[in-house]
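Okay, structure first, notes after.
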Amino acid sequence: MPEFIGEPAGAGRRVVIVAARFNSTITEKLVEGAMDACVRHGVAFEDVDILWVPGAWELPLAVAKALQTDRYDACVALGAVIRGGTPHFEYVAGEASRGLALLQGEFGVPIGFGLLTCDDMAQAEERAGGAHGNKGWDSALAALEMADLFGRLDLAHGEDDDAGPR
Ligand code: INI
């Protein structure tokens, strides 16, 4: 039985990082982590575009616009939603997550999910280069692995057109 597993092989791949400016002390670290993961895994520096948007709410639209260009093999969406005293958190975090999940299906391009949803700033810091690692790095790696997986699948089934990096 054929089995497929991707590797985070970035050589020749084009990546778009879409990041929210809201809670920028956190999201800047997520972007650094994602960028570092891409470059260390072979993506050329000039093949990574970074789009900054106001907040997590804006992530799905910016990702959609980026993927419509058909330029990218993988996408990384980064943001930090921190729980406040009102239900606002639930709407922003929930809709941004849902939007990103739907876009993966729509475009067939992997979107690394680096949207932190935390109770407080301390939790976010732990996940942006602290005790729990850097979720920007993790989500970039996942997106590269998925792009590689689909390349292998296409190769195995003779769909060479899409097999390699764009
Ligand atoms: N955006 C975030 O990225 N994180 C948050 O914690 C947040 N909170 O808490 O409000 C947030 N709100 C802004 C929102 O994403 C939009 O940018 C804004 O509503 C304008 O459309």
Side-chain angles (χ1 to χ4, degrees), residues 6 8 10 13-41 43-150:
R13 297 199 197 282
R14 289 207 281 241
V15 178
V16 61
I17 296 172
V18 184
R21 289 198 318 272
F22 206 101
N23 292 320
S24 63
T25 55
I26 300 296
T27 61
E28 281 167 9
K29 291 181 191 161
L30 297 176
V31 169
E32 274 172 33
M35 191 71 202
D36 196 34
C38 287
V39 171
R40 283 177 191 266
H41 289 83
V43 183
F45 192 77
E46 60 272 19
D47 284 341
V48 185
D49 291 339
I50 303 178
L51 309 188
W52 287 99
V53 298
W57 178 264
E58 281 76 27
L59 287 173
L61 177 59
V63 167
K65 288 286 183 187
L67 296 186
Q68 277 167 14
T69 66
D70 208 24
R71 173 178 163 78
Y72 302 104
D73 303 292
C75 173
V76 188
L78 303 173
V81 191
I82 316 273
R83 191 182 292 281
T86 71
H88 192 67
F89 168 95
E90 321 287 347
Y91 289 100
V92 173
E95 292 305 311
S97 308
R98 203 169 65 98
L100 294 170
L102 290 172
L103 289 172
Q104 288 203 116
E106 188 177 326
F107 287 96
V109 172
I111 302 172
F113 183 65
L115 175 62
L116 301 183
T117 51
C118 298
D119 286 332
D120 52 42
M121 194 54 94
Q123 281 185 353
E125 281 163 359
E126 284 169 1
R127 289 158 180 78
H132 291 282
N134 185 314
K135 300 302 172 191
W137 168 285
D138 295 347
S139 50
L141 232 55
L144 290 178
E145 178 181 327
M146 292 294 282
D148 187 62
L149 175 66
F150 299 145

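Ligands are counted one by one from 1 in listed order, and the atoms in each one are counted from 1 as well.
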- Item | Residue contacts for ligand 1, heavy atom to ligand atom, distance under 4.0 Å | F22, N23, G55, A56, W57, E58, A80, V81, I82, H88, V92
- Sidechain N-carboxylate O distance under 4.0 Å for D49, R71: yes
- Query: Should the pair R83-E90 be classified as a salt bridge under the 4.0 Å nitrogen-to-oxygen rule?
  - Reply: yes
- Do Q123 side-chain atoms and D119 backbone N/O form a donor-acceptor pair below 3.5 Å? yes
- Distance, nearest 0.5 Å, that separates CD of Q68 from NZ of K65: 5.0 Å
- Of M121, H132, K135, the one forming a side-chain contact (heavy atoms from CB on, under 4.5 Å) with E126 is H132
- Walk me through it: do R14 and D47 pass the test salt bridge (Lys or Arg N to Asp or Glu O under 4.0 Å)? CA-CA 5 Å; R14 289 207 281 241; D47 284 341; 5.1 Å; no
